[in-house]
Structures are given as C-alpha cells and as structure tokens.
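The structure under discussion appears below in the form of structure tokens.
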Amino acid sequence: MDKDPNQSPPKSGRNDDQNKGKLSRRGFLKGMGLTTAGTMAVSSGVLAFEKAEVEEDKVLGPDEVRIKMKVNGHAYHLEVTPRTTLANALRDHLELTGTKVVCDRGACSACTVWLDGKPINSCLTLALDVGDKEVTTVEGISKAQELHPVQQAFIDHDAAQCGYCTPGMIMSAAWIVENVPNPTLEEVKNALRGNLCRCGTYPHVFKATMEAAKKG
Amino acid sequence: MKKKKLTLPHGIPGHNLSQIDREVHIDEPPAWPINDKLQHVGKRVKRNDAEAKVTGNAKYTSDMQLPGMLIGRMLRSPYPHAKIRSVNTEKAENYPGVYAIHVFSRAFGMAQPADNDKENQFPEIKYAGQPIAGVAARDAETAEEALKLIEIDYETFPFVVTVEDALKPEAPLVFTTNVEQEDKGGGGGGAKGLKTQGNLRGPNTASFYGGPRGDLEKGFSEADVVLENTYRTQVHTHCPLETHGVVVDWKPDFVTIYASSQNTTSVRNEFAEVFDLPMSKVRVITEYMGGGFGAKHALGNFGVMAGHLSKKSGRPVKLMLDRKEEHISAGNRPNSIHVLKVGAKKDGKLTALQQKSHGTAGVGLGAGVGRIAQAMYECPNFSTEQYDVFTHAGPGAAWRAPGNVQGAFALEQLMDELAEKLDIDPLDLRDVIDKSEIRKVERLRGAEKFDWKRRNKPGSDKGPVKKGIGMAQSHWPRITGINASVEVRAFRDGAVEVRSAVQDIGTGTKTILAQVVAEELGLKPEDITIRIGDTLFPDAPGSGGSQVTGSITPPARNAAYKLKMQLLEQVAEGWELEAEELDVADQKIFAKNDPSKSIAFKEALGNMRTGQLLTSASRSDDYGGFMVGKSISYGELGSVQFAEVTVDTETGYVKVDRIVAVHSCGRPLNITQLESQINGGVIQGISYALYEYRVMDKNTGHQMNANLDMYKVPFAFEVPEIETVLVEEYSARSSTDAFGIGEPANIATAAAVANAVYNATGVRFYEAPITPKRVLEALNNL
Amino acid sequence: MNKFSWYQASSVEEALKAVNSTVSESLTAKPGTGAVFKSGGIDVLDLMKEGLLQPEMIVNIREIPGLDSIEDTADGGLKIGANATLAEMMENEKIKQNYQALYQSLNHAATPQLRNMASLGGNLAQRTRCWYFRSIDHQCFRKGGSTCFAKNGMNEFHSILKNGMCSSVHSSSISTALMAFDAKVEITGSKGKQRLVDLDDFFILPGDDPSRENILRSDELIAAVILPKISSDTKSIYKKQGARESYDWALADVAIVADVKSGKCSKATMALGAAAPVPLRIQYAADMLVNEKIDENIAKEVAEAAMERATPLEHNAYKVPLFKALIKRSVLQLA
C-alpha cells in the first residue's frame, strides 16, 4: 500500500501521458495563454450593451455621494463613492480602525461588524448597502466605559496574541454571548468558525468566550 | 574585569534541582531564586496591552493616518521570467491624484550576484509578482488605476517553478552566476560563499555545531539495521494577518518609518544603508504588529519603494501589501526533498546518520533541513549536504525554526520507523539515543499526561475510522543577541518606564519586561510603563530564533537593578545606612534589619535629588560564557510533543484530536503567554502536517492559491485539545536565566501528527501535508 | 474595484429595466460597461475586487420588498424568495424539519458572517471558484479565452465528470441539496414574464456556452426557488467533505432524497456537487435504490455506479473514492 517515497515526482493520474507529451514537445514554457494583468477584459471586450433604462435622479455616483450612517449609536455624515466598502468607510473615513481588513474577500472574518445586530463582513459590504441599518464595531460594544464581558474575558484568558484578528473574533464571540444562552463549546466554535487567527490563539478564544457566556 | 561569585539555582525542580556557583561581573544583580519564590516572574500575569487589542484601540502600521499621507501601490510582473525592455510612466504621471512614481533599478529581497551591486536600468524579472514600479497617489484606487497606465515592454523567457524541473539539465536558469543573500537581522539568507551550478547552490555542509563527523561508511557497516527514506515537505506561506507594509514619512532632516516589522533595528539599518543616511536620522516605530512568524525582519522591496515615493513626493506614503502580494512575494517556508539514512545497532544506538536535502526558496536562499539531525541524537558518524534549488518563484524567508521543521518531519518519522524495525517503543528508543536531560524529563511527564502506554500496533483499529497516537521531539539552540539594550527611567511622581527598540510580535514581550522590572523594583507589573518598538530607544534584536526573551530580559533586569541601587543609596543616606542594607518589596523600600525604617517606593522617588533617574544596561555575556561566539548559549530548548489523531480511511480526512506539548525555556517568565505561544506553534504545525501548501502552476508560473480561501489555514474546528506542560529548567546563564519558546513550539508537531497517522493506518506518509487527496491516493493505490 | 454608479431598485420591474447585462456578459465586456444585479454582493464584489468584473453600474436588488419571503406553496411545498439570506433559510422551521438535506447544506456553507449576507439567488448565480477562472492573469474558456488551464494544470479541486472542455466545478453546495429535492427556479423576465425551470435546466455545461454557468439572460432575474412537497416517508441526507471542517468549499458533496418505508426505498434522487461544472443529478444510480432494502451492498453498488463514468484528471483521482464513500454513507443513513 505504501508509496515508494523515492519516486519523483509522486505518481500521477491518467492524464499524465498526454501531459508529458506536450511538455516535452514544448520544453519549458514561457507562460502560454497568460494575459498581462489588467488588460484581459480589454482584449476580449466584444459585447456592447444597450443603454439601461433608469430614473436618472436615482443613480448615485460614480463620484462622491453624501450619506448618513449610524455607527455605534452616532449618526455620521460621510462622503463616499459607490465603491467604498463599509470597511473602508469605517477605517478611512471615520478612523474607526479597530475593524481590520485581512483577506478582503470574506474568507477570514477579521472585518466582522454587526449590521442591525448581525455579524457580517464589512469588506464585502458597500457603504451604500448600509442604508438605515445600525453598524456596530468593536469600538462600540463596550457600554459606558465598561468593557463588554467578552472583552474582559479575552483579557483574562490571554485570547489575543498579535491582536490583529481580535476585533473580528470579539465581534463573533460577543454575538453568540448575547444571542445564544448557555452555548456549548461546539456552538461557540460554530460562531467563530469563520474567524482566522494565524497566531493560533483559538484555545484561549474558546475559553474566554465560554467564560463570558457563563457570566452573561 | 571585576568579578564576584554568585550562587544560582541549577537543574530541573522535581528532578535534579541543585545550586551552582558562577563567577560573574561585579555589576550583575544577585541571583533570583526559582520561580516559586518570586512575586511576578513565572506567574500568569495578564498581557499589558490586551485591553488596547480587545477594544480596537491598538494602532497597527496599517491603521496609521498621517496628515497629507499618500497611498503607495506597486506594479508587479505577470511573467515569471522576463527582461524589461522599456518602462513608460508618462500616462501614469499625468493621472490626476498621482504624486510620485518610482521604477526599481535594482531588485531587493532576493539572492544577488555577489559582485554586482551596480544599478542596471531594470532588474531582470525572476518571478511572477516581482515588483517593478510604484505609484503614490491620494488613495489606493487612484494608485491602482495609475499602475495600469504604466506601459512595460517585456521580453519573456522560459521558466521553472518546481525543484524537480529546475534540476533538469535543460532547465532555464534563475541565476547565471554565484549569488549571495545577506541575513537581514535573523530573517533568512543563506550560507556564504557556496557555488551555484545550474539552478543548484551548495551543498551547505556545516553549521555552528561543526561540519561532518566520524566515518559514515564505517558507521553504516557497523549497523544492524539501516533505513533510508525520502521525505517531502511543501512550500507554505506565512499569512500574517497584517500584511507586510510601512508608512514612510521622509522629512528633509529625518525619516520616520512605521513598520509592520519584527525587527525595528534591522529595518532602520537597512533603510539607512539603501538611502545612504546616517542611522541617527532614521527612526523605525513598531508599536503593534499583526504577526510575522519570521518573514518580517527586513525592510523589503516595498519599504524601499515607499522610501523613494515619500522622498519624491515630500509626503508620508503608506504602502501595505494586499493579500495576494503577501503570498507571492513576502516570504515562504521553502520546501524540502530530504533523503535521510540511518544505521543503528539492535539496542537502538545510532552508528551513522546521513542526510541530503534539496529545497527551493524561489529566487531567495535559505532552503535546508536545519541542524536537528546533527544535534538531537548521539551518533558518532554524521554528514549533511543541503542544497538550495533556484526556481522562478517568490523568495523564501525565515519561518519559526528555519529548516528544523522540515528536518524534524523526516528525522522524527525515521526514528519512529527505526523503533518499529527494532521492536522498541519510540520513547524507549529516545532514552537510548537522546542524551538530553530536559527531554528525558519531558518524555516522562508527557507520557504520563498523554497516557502513552495505551498505544496499539499500527493500523489495529477496526473499521474505516481509525485512531492513532504518535510522538516527536525537537531541539532548538539557545540563540542570544548581545546587541540588546534597555533603559529604565523613574520619575519624581513615581512613574517607572522601560524603553527599548525591541518589538512585541505578539508573544508578550511588553508584559515580560514589566514583570522582570517589577520583580526587581518590588513594584507591580501594571505600575511599569513599557515603551518599546521604537529605534529612538536602545537597540535590541529582532523577534527571531526565539532569542528575544533570553536577550532582552537580562539587561532589563540589570538596568532596573542599577536604578534600584541608585535610589536605595539616596534613601540609605538619609537613614545613615548602606544601600546594601536596604531592600524592596510590595512597593516599599525598607531596611532589612530594622522594620521601622520603611518608605513607599513612590515617596522615595518624590524625594530624589533629580527629577528623574535613568539607567541602562546591555546584554552581558552569559555566566560561564557562550557555547558559540557571542550568540549561542549553552543548553538547548528541547521539547516533546504527543499527538492523537482520527483518520477516516474512506474520506481520507485526518483530524487531530489532542496534543500534549511538553516544553522547556529555561526559567518560564509568563505561564499564560507561553501557553498561548505553544498553542500557536502547535496549530501551525498541525496546519503544516495536514492542510496548507502553496500551489504553483507549472505551466504559467503563478501561485494559484494566493488568497485565504484556497490557501488552507486552520480555523476553529481544525484546532484540537492542546495541553501544555512547561518544565522549569535552571541553568544559571544570566540574571533572568530565561529563554524563548517561539521556534520549539513549532518544530515537532508535524512529525508527531505524521507518526500518529501511521499508527492509525499502518501506512506511512512521506509527504506533507497529509490531505484527503494523499490519504486516498495511498490507500487506494491511485 | 473600478468606479461604478449605483442604482437602488425598489421593484423587480424597475430592476429589470435598469440592468442590461448578466455578470457573465459583463465579465467579457469592455471595462466600465454593463449594469449588473447585486443582492448580497458576495460574488459580485469578489469578482470586482479581482478586477475580473468592471461594470458601469450596480443595480442593487437587495432592498426590493417581498423578494426575501419564504412561504408555503398551495400544494404544500415551499417557495423561497431569491433575496432570502442563507441565515434566514436556516431559521425557517419548515426547512429545518422537512428539508433536512437543504438545512445541512446551509449549515456547512460559508461562514456565519457570509450566511447573514449571501442571498439564495446569488448563491445559485455565483461563478465557479476555479482558481484559473478567478485569476486576472489567466484567460480561460470561461472568460473568452481559448484554453482550460486546469486540464493540464493544477486540478486537484476540479471536476471528474463532464469535464471535457472546462474542468471547473460549480461552487454552490446548496444547489446539490436543492437539486435532490427537485427544486424549480422561478425566473422573472422583462414585462413581468415568468418562467419556471427545473434546477437541472437552470445550470448549463461549458460545452453549451463556456462563458455562462446558467441560463439567465440579461433581462431576467431569479425570483424564487420552489421546493415540492415532501411525503411523510421522505428522508433526505446531505454529506460534504471539505479540505477543512470549519468552512470550506466541498471537495465532494452528495445529497440524496428518498422515500423510505420500513427500510425499503420507493423513490430516490441523488445529486453530486464539486463533481462537474454543474451540480449534477445522477438519477440512474439513485434509481437503483428503488424497491431495494437499504443495506451495505446496495449502498456500495449505487456508489460504484455513480462513479463509473468518472474521468478524473492528473490530480483529482482521489475524488472518485471520496464520492463513493460519501454516497455509500448517505445511502446507509436512509435506512
């Protein structure tokens, strides 16, 4: 059953023969079929679209648009463009830099904020998507100078190493503590399962969240 | 040198604790007893910057916003191997919102021809993603739009991205002459002066443990058993949550750099060198940084670019890499193809150990399998040949125990195989071949906690879902940086401040400094203000090699001790006593023999003759001297880890259920933080064993999984139950006798997991990571 | 992301007027042209951040009233509005109770954060996660190019069935479950024209048109997904294996919906995800269960049959035993 470890490269599947033929004919490749970054769409731009039928006064942008956004209990007036993400609006416009952007694609949950109380990825939410909804960030979950129980538990159980994932972790953990009574460890892991920590602080994060849930 | 004699604790409490006398410099503070008898050191002191982190108030480099600040972005080659015929930046320069453009005339952050430091018009492109030019603009979107307007005429060439292909005779060459890569403050680089032939550089045969030893042929001929196997590990990328990046604020007379760095001092030095500035005119600040794991020692090409853009625009420029750039260009752990051969007697004694390895750090140096095979076990006949193989891929960088994680994956599996062949329990085999006292104790304590004796024969679990257990050991030297200095200041109002350029990479350096200084001054850790991560303060080593704790805490203690003695002298004068007759405890200064004479520490500071007391200290030589040069201390950071896994032989999925990690780091300073760090090393080790690997497309030369979606790193459900056991070990080598844990935490895990997978399935996996694909291929003969 | 303008649609009719391009069409069009829909925005923003999609305008359908309702149909089935989020679907009692395979597929999909944002319609319409497709530097069949890079490249996450032209896999694991339930997609066209199509017919293979993954035209919008009524004997099983457990795309996923009484099956459907460029119904294999007692033998036979047409590539032959294992276990769980 064991594979011969000395065989190089590892065994391959059924397409290997065709593959080899091509490789040896062409020798080392120069990157065939590659397009130069950013030019792909231009080179293949063949379609032309009909003009969209819109009520012109309902079109916002592409330049700056003035919006009102409720964040952590305050209403802010912001000038954003349609492409401004919620994460950028928070970080660059409101200087609420607790919210971190890590993967920028919804794959790590570092940018987690609450929208009307539900955890979402602020990197994949546009500022214009927010509308009348209430945004809560890590800066907004402590009440009247008191740390949120999850924040205190994170301190008590050393649940932050480099600290960069921490705001996102806190927002996921605080959500379950506030919304699920007496969560099991499994439920806690489930609530945190989208949050990446590269320092590997998870065991202490679980502990802290369980502790905060118990107290809450 | 004036000397005195100190009697210090020596040995392992509960095992062989005794005392030892050392001749030390007259200025050294008295010996600390073991942790049991200390107030703050060795305790579960809360991390002193935790509140800033949990509230979002901690400001990282990526959070910086300075007045007038621009955003820098870089243009990168889509081709893995090309010459640049021309670069036209005219359209980009005229794009509204663009303030500066710079085109590289030299490549940074990769191996370079040894004799060639002269500027070319454009450096050759050697990997897809190599930066070519940069733009500073009012915002990131504008910068990116401007980058698209830069016109580059490339002449493309064949390329090679795998070790196997790079070694073929007709392979395209990455370098055509001998190359070198300097170690930037512990951040990688390679052995000097080795020859390059084709894409092969080396072999590297020596280390600070010396070169080959004994007579291999004789050793193998004396052996009762000879085993040889080839082990493979993958390239993986660091994925710090905060990407590499800087903010450079170039003022005519002074440059300030905010850097997401694990080495403020080396970033300053490199910036000063590249821009021909005195070191006194460059300031590097790293107050908070979002992870590094070895990849963030150097200034980086992005740092050089930001420097040029800030200089040209006259404004601060922030240049943070995006996630894709981080994967493809900011470092990785090189892979390894590691042939390891061992000869042993029937009783387990090793007679010969021979290793040969090939690995690629892309266009950089630093592949290898470390020194673990050379150092961990007693074996009279040993040789190693470690080769770098160049490929057209992003440069490698140091990563937690460079080389040794690759090396342990092979060595500790081979020892497992040897034990089975000789029908000896793997722990018993180690008792025969491992002379380390600390690992002996670790094996004992770990085996008990883990319940090792329940181990069954390989593959003996019935049914498709099988459990297995395994163990592995690690060795890491005690690296010490003597360029480690600390200032302690006390103010008239009672405030005490510690200052050093040393950075906190997330390990808790700020907290241990407060503990050590508080212990010395009889204060509370929370009373000590820690100001670090700023090169305006005294130099300190990078957070690499597990050297920070051992390097920076002795001078911190010594500076605090000096300050204490200065204050005690002033107090003693008033009491008509000698300073030596006074002591500190519980925020008070008191006369040892007269309880009526006592004053609050704060009050004593209020009475002092100047507004401020200021002392500093640099790392003294180890008590009893160093093992190697002024950089390697005697002793080692040994560890033993045990793993329990479940293997679903039908889906191929391996899950780690439990890890027991038994570690030593001299005198442990902060138990909770050490546990956090060990958890992290273990989880990264599990990921290395089971999940993550860089996918390079051999046909186009691109990394296909340069994101956090297809690059598989562990999340909540991939994390097992981890139990840590810390074994205190006193060796009387410095005023704190403490060492780090970062590297050892990461070395043994992958091998322990692989051994457990073998124990579960009866099938050995010679290649990491052990994914469902690999398991199913092996079990189904695909 | 490129500069674009924003149009907040308040009705389906208004949205259909404002939009003039599918995401797929816009992908191969001149940058800065085309008005495309966005609901949760997960996939649209991802494509835009990669520089693959550069529309002139985003038509936001997220706030259209009523498009997110989940309601019973007249014949006892369930109609799920296209704007319902995955989280909202998980909260629906009927889905939890009656459509367990769907619930399980939701439970294994994405992260809690993404499920609070992602809409059902967007999940069906998302483009493949094939890493060559997602790379701005690789112009493959699906983006108007003339090659499939995966075919002779790095294809361990790619398809083992129907992979002749393009070997991507469709990424919606929820569709695997929906297909096994014989779900239908309600599509609204301009002037309120509606059509109802089987989910099987909603997806199209690359051979038919590599640039698209579904039949949607630029003047159409997914309005809802309709699940037929299930019987009291209906059992549904969903199993997924990813490279990780916490959250990941499927290496393989399987849904089986069957009527089983006293251990004997009277009717069954089966769909596989991450096996082909579309979620794939393997009816001939499911049919083997009919009138059979559920046991190890029939489970193995069905699994073997389902994989007999597999044509794995260089790096993904492991998917064949993986699918077999998941199918076998799913069948056994019907008993």
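Per chain, numbering begins at 1; letters A, B, ... match sequence-line order. Atoms considered below: every heavy atom in the structure, side chains included; atoms not considered: hydrogens, waters and symmetry mates.
At a threshold of 4.5 Å between non-hydrogen side-chain atoms, the residues Val71(A) and Leu90(A) count as touching. Using a 4.5 Å heavy-atom cutoff, the side chains of Cys239(B) and Leu708(B) are in contact. Between Gln503(B) and Met289(B), the closest side-chain pair of non-hydrogen atoms is not below 4.5 Å. Residues Val160(B) and Pro158(B) form no side-chain contact, since every pair of their non-hydrogen atoms from C-beta on lies 4.5 Å or further apart. Looking at Thr99(A) and Pro167(A), their side chains never come closer than 4.5 Å, going by heavy atoms from C-beta outward.
Per-residue counts of heavy-atom pairs under 4.5 Å with chain B were compared for Lys100(A), Gln152(A), His157(A); the largest is that of Lys100(A). Across Ser676(B), Ala50(B), Gly56(B), the residue that shares the most heavy-atom pairs under 4.5 angstrom with chain A is Ser676(B). With chain B as partner, the option from Val188(A), Asp92(A), Asn88(A) having the largest number of non-hydrogen pairs under 4.5 angstrom is Asp92(A). Heavy-atom pairs under 4.5 Å with chain A peak, among Ala58(B), Pro714(B), Gly681(B), at Pro714(B). Chain A forms more heavy-atom pairs under 4.5 Å with one residue of Arg44(B), Glu675(B), His238(B), Met320(B) than with any other, namely His238(B). Residue with the most contacts toward chain B among Gly106(A), Ala159(A), Gly98(A), Gly163(A): Gly163(A) (heavy-atom pairs, distance under 4.5 Å). Top candidate by heavy-atom pairs under 4.5 Å with chain A, chosen from Ile152(B), Asp709(B), Val719(B), is Val719(B). Chain B forms the most heavy-atom pairs under 4.5 Å with one residue out of Thr201(A), Asn190(A), Thr81(A), and that residue is Asn190(A). Top candidate by heavy-atom pairs under 4.5 Å with chain A, chosen from Gln684(B), Lys46(B), Arg47(B), is Arg47(B). For the options Gln677(B), Lys168(B), His81(B), heavy-atom pairs under 4.5 Å to chain A are most numerous at Gln677(B). Among Ile155(A), Val205(A), Thr166(A), Ile170(A), the residue with the largest count of heavy-atom pairs under 4.5 Å with chain B is Ile155(A).
For chain A, the nearby part of Tyr60(B) is the side chain; its heavy atoms alone come within less than 4.5 Å. Looking at Glu692(B), only its side chain comes within 4.5 Å of chain A, counting heavy atoms on both sides. Neither the backbone nor the side chain of His392(B) has a heavy atom closer than 4.5 Å to any heavy atom of chain A. Of the two parts of Asn679(B), the backbone and the side chain both hold a non-hydrogen atom closer than 4.5 Å to a non-hydrogen atom of chain A. Interface remark: Glu242(B) contributes backbone and side-chain atoms alike to the contact with chain A (heavy atom separation under 4.5 Å). Within the 4.5 angstrom heavy-atom criterion, only backbone atoms of Asn195(A) (N, CA, C, O) approach chain B. Within the 4.5 angstrom heavy-atom criterion, no atom of Glu721(B) approaches chain A. Residue contact with chain B, scored on non-hydrogen atoms closer than 4.5 Å, involves the backbone and the side chain of Leu196(A) alike. In this structure, the portions of Glu170(B) lying under 4.5 Å from any heavy atom of chain A include both its backbone and its side chain. Looking at Leu147(A), only its side chain comes within 4.5 Å of chain B, counting heavy atoms on both sides. If you measure heavy-atom distances from Ser687(B) to chain A, the contacts under 4.5 Å come from the side chain alone. Neither the backbone nor the side chain of Ala52(B) comes within less than 4.5 Å of any heavy atom in chain A. Residue Ile505(B) touches chain A through its backbone alone, counting heavy-atom pairs closer than 4.5 Å. Residue contact with chain B, scored on non-hydrogen atoms closer than 4.5 Å, is absent for Arg105(A). Heavy atoms closer than 4.5 Å to chain A are found nowhere in Lys324(B), neither backbone nor side chain. Contacts between Glu145(B) and chain A at a heavy-atom distance below 4.5 Å involve the side chain alone, from C-beta outward. Proximity to chain B (any heavy atom under 4.5 Å) is shown, for Asp104(A), by neither the backbone nor the side chain.
Under the 30°/60° scheme for interplanar angles, the aromatic rings of Tyr231(B) and His338(B) are found to stand perpendicular. Relative ring orientation between His327(B) and Tyr711(B) is described as tilted, the plane-to-plane angle lying within the 30° to 60° band.
Using modelled atom types and a 3.5 Å distance limit, the side chains of Thr184(A) and Glu186(A) yield no donor-acceptor pair. Side-chain atoms of Lys698(B) and Thr162(B) include no donor-acceptor pair closer than 3.5 Å.
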Give the table of side-chain donor-acceptor pairs shorter than 3.5 Å for residues 115-125 of chain A, with sequence neighbours excluded, one pair per line with atom names and distance.
unit_1: Asp116(A); atom_1: OD1; unit_2: Glu134(A); atom_2: N; d: 2.9
unit_1: Ser122(A); atom_1: OG; unit_2: Cys111(A); atom_2: O; d: 2.7
unit_1: Thr125(A); atom_1: OG1; unit_2: Asn121(A); atom_2: O; d: 2.8

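In this structure, the salt bridge (charged side-chain N to carboxylate O under 4.0 Å, His left out) partners of Glu144(B), at least two apart in sequence or on a different chain, are Arg73(B).
A salt bridge between Lys215(A) and Glu211(A) is present, with a side-chain N of the basic residue lying under 4.0 Å from a carboxylate O of the acidic one. For Asp49(B) and Lys510(B), the salt-bridge test passes: some basic side-chain N is under 4.0 Å from an acidic carboxylate O.
Side-chain atoms of Glu64(A) never come within 3.5 Å of backbone atoms of Glu79(A) as a donor-acceptor pair (strictly under, hydrogens ignored).
Lys59(B) NZ: more than 12 foreign heavy atoms inside a 6.0 Å radius.
The cationic atom of Arg764(B) (NZ for Lys, CZ for Arg) lies less than 6.0 Å from the six-membered ring centre of Tyr758(B) and within 45° of the ring axis.
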